[in-house]
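In what follows, a single structure is set out as structure tokens and then discussed.
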There are 2 protein chains.
Amino acid sequence: MSQSIQRAAEILELVSLRPRTQSEVAEHLGVHRSTALRMLQTLTEAGLTRRHADGHYGVGYRLAGLASVAAEQFDLRNISRPHLASLGRECLHTVHLAVLDGSAIVYADKIEQPGMVRLYSQVGQPVVLHTAGVAKAILAFQPAAVVDRMLATHAFTRYTETTLTSRAAYDAELDRVRSRGWSVDDAEYEDYVNCVAMPIRDARGNVLAAVSVTALKARADLAALEQLLPRLDEVVSDVSRAIGWRP
Amino acid sequence: MSQSIQRAAEILELVSLRPRTQSEVAEHLGVHRSTALRMLQTLTEAGLTRRHADGHYGVGYRLAGLASVAAEQFDLRNISRPHLASLGRECLHTVHLAVLDGSAIVYADKIEQPGMVRLYSQVGQPVVLHTAGVAKAILAFQPAAVVDRMLATHAFTRYTETTLTSRAAYDAELDRVRSRGWSVDDAEYEDYVNCVAMPIRDARGNVLAAVSVTALKARADLAALEQLLPRLDEVVSDVSRAIGWRP
DNA sequence: TCGTTTGTTGCATAGGCTGCAACAGGTGTG
DNA sequence: CACACCTGTTGCAGCCTATGCAACAAACGA
């Protein structure tokens with residue numbers, strides 16, 4: 001809508017990766033050098049960028065200050081709620097939000113549908129790491145060290161026929177999840193419940209949460225749930241963008 | 001220089017104080033409502049602002065993303081952070097890091113203590129040159145030309161009874177700071193807040209930053225803060241050494 | 001020393017921003 | 001239920017302002 005502001009935002013994105021000279025910024029934006037300089041000067045006056053001694057422009061201190069204000073207000077649950085709710089209304093299944101919280105993954109929100117069988121999950125409770133779709137969607141995108149730490153003392157208890165009961169099998173599944181971008185719980189915890197899940201990325205691109213659509217197999221089996229993946233992808237993309245993620 | 005970018009920055013500052021409606025923003029900027037909305041939409045697309053469910057606009061989470069991507073650009077802050085944090089933990093007061101940034105001195109970091117009264121200062125904001133302890137700690141060790149340039153257009157506004165309201169009085173204070181190596185803010189800006197500060201030196205021995213310990217007078221008066229000087233000296237020495245300074 | 005890049009300035013142009021008005025949709029109030 | 005109020009959207013005319021350009025001084029590094 002507003003070209004100059006768009007360009008300003010682009011400059012911030014550019015110099016946040018690494019400080020740039022006025023010429024580099026000009027070239028990146030496709031504008032004249034003097035134009036880029038004028039914009040950089042304005043941004044610098046505002047403290048959003050700052051000029052380094054070597055003539056490169058980087059991110060300014062004021063931006064860090066504003067960022068901390070934003071960080072204080074961070075509230076994933078409230079941000080994602082409307083997106084999850086509309087997803088729930090559309091597909092009429094239960095929608096979960098789970099977040100990585102220290103050494104556990106816990107349900108942070110749950111959208112239920114009226115007149116449905118209640119699922120066992122409860123907000124605030126830790127998920128079962130080796131069966132829950134959300135756990136796989138989150139762990140698939142964590143550094144190996146984090147996965148190791150979380151699974152170090154984890155027992156791969158068998159709950160159903162499809163439960164993954166070894167770390168090796170689980171790791172293989174995480175590989176699959178990582179490459180295709182979504183995960184399932186194929187009746188691995190209760191043999192009549194299955195789900196699909198996708199990860200949410202934060203402002204740094206890290207995966208710290210996931211959304212799942214869960215249903216009784218009798219109501220919607222895996223094949224049916226997979227039909228919802230495009231819509232689920234939309235939802236997690238929207239939420240990721242809303243919390244500052246950019247592709 | 002660039003009107004739109006200036007306005008964008010002003011919007012960020014405005015909504016960082018508290019979320020505003022498009023009408024409030026328009027009024028604040030003195031532009032038509034549709035203009036303000038167009039700017040807000042652009043900022044929101046970029047993630048720099050964010051629309052709350054009630055139609056108010058606040059700071060966006062992309063700011064946090066940019067700041068964290070750019071974290072490595074703030075070398076001094078990164079180096080000093082652990083030292084400041086442990087100092088803060090020990091004395092349970094607010095610790096500030098301020099740097100000389102072009103023609104202003106701005107807060108570069110702020111270590112707050114849980115459950116404490118919030119101080120007015122914000123990262124990225126310019127400090128008040130004639131009252132802030134960090135300003136005195138930095139300016140006392142600048143060449144006269146730099147001090148003159150920075151104070152040339154500075155108004156020595158009186159905020160409290162102890163505010164230094166003349167260049168002469170300020171220069172005398174800088175002399176004192178220079179000889180003893182530390183500075184104070186004796187309730188010169190807000191009559192219930194005081195602090196002590198010491199300079200950080202770089203590899204060339206130049207002072208480009210300072211650290212302060214700030215507290216409500218009721219919690220710790222100047223005499224109490226001066227007890228912390230040996231520890232503060234340790235901190236600024238450690239940080240100075242870490243960036244290459246040698247005594 | 002020279003070549004390169006930065007920062008500055010004045011100016012003409014054109015492009016984009018601005019204000020305006022009208023309308024749809026949503027919210028809350030009486 | 002009507003009403004008032006605010007938000008969000010759109011098309012458009014006119015003017016502002018951002019832009020490109022060129023020339024120059026200054027800083028910088030090779």
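Computed from heavy atoms alone, side chains included, the values below leave out hydrogens, waters and symmetry copies.
Mapping A:Leu37 and A:Gln3 onto DNA chain C by nearest heavy atom places A:Leu37 closer to the 5' end of the strand. Where B:Arg38 and B:Arg33 meet DNA chain C, the nucleotide closest to each residue was compared, and B:Arg38 sits on the side nearer the 5' end. The nearest heavy atom of DNA chain D to A:Ser4 and to B:Gln41 marks one nucleotide each, and the one closer to the 5' end goes with B:Gln41.
Relative ring orientation between A:Phe74 and B:Tyr61 is described as perpendicular, the plane-to-plane angle rising above 60° on a 0-90° scale split at 30° and 60°.
Rounded to an integer number of Å, the gap from A:Arg7 CZ to C:dC17 C1' is 13 Å. Between the NE2 atom of B:His32 and the C1' atom of C:dC17 there is a distance of 13 Å, rounded to whole Å. We find that CD of A:Glu24 is positioned 12 Å from C1' of C:dT5, with the value rounded to whole Å. Following rounding to the nearest Å, A:His52 (NE2) and C:dG7 (P) show an atom-to-atom distance of 13 Å. Whole-Å rounding puts the B:Gln22 CD to C:dG26 C1' distance at 13 Å. Counting to the nearest Å, the C1' atom of C:dC17 and the CG atom of B:Leu29 are 14 Å from each other. Rounded to whole Å, the distance from CZ on A:Arg51 to C1' on C:dG7 is 9 Å. The separation between B:Asp54 atom CG and C:dG26 atom P is 17 Å, rounded to whole Å.
Classification of B:Glu173 and B:Lys136 as a salt-bridged pair fails, no side-chain N sitting under 4.0 Å from a carboxylate O. At a threshold of 4.0 Å, the pair B:Glu72-A:Arg18 does not count as salt-bridged, since none of the basic side-chain nitrogens sits closer than that to a carboxylate oxygen.
A cation-pi arrangement is not found for A:Arg241 relative to A:Trp245, the charged atom failing to lie both closer than 6.0 Å to the ring centre and inside a 45° cone about the ring normal.
Within the 4.0 angstrom heavy-atom criterion, base atoms lie near A:Ser34.
In summary, the side chains of A:Ser121 and A:His96 do present a donor paired with an acceptor at a separation below 3.5 Å, with no hydrogens or angles considered.
Taking CZ of B:Arg51 as the reference point, atom CG of B:Leu43 lies at 15.0 Å (rounded to 0.5 Å).
Remark: A:Arg81 engages A:Asp109 in a salt bridge (Lys or Arg N to Asp or Glu O under 4.0 Å) (not counting sequence neighbours).
Mapping heavy-atom proximity under 4.0 Å, the span of DNA chain D touched by chain B runs 5' to 3' from D:dT7 to D:dA18.
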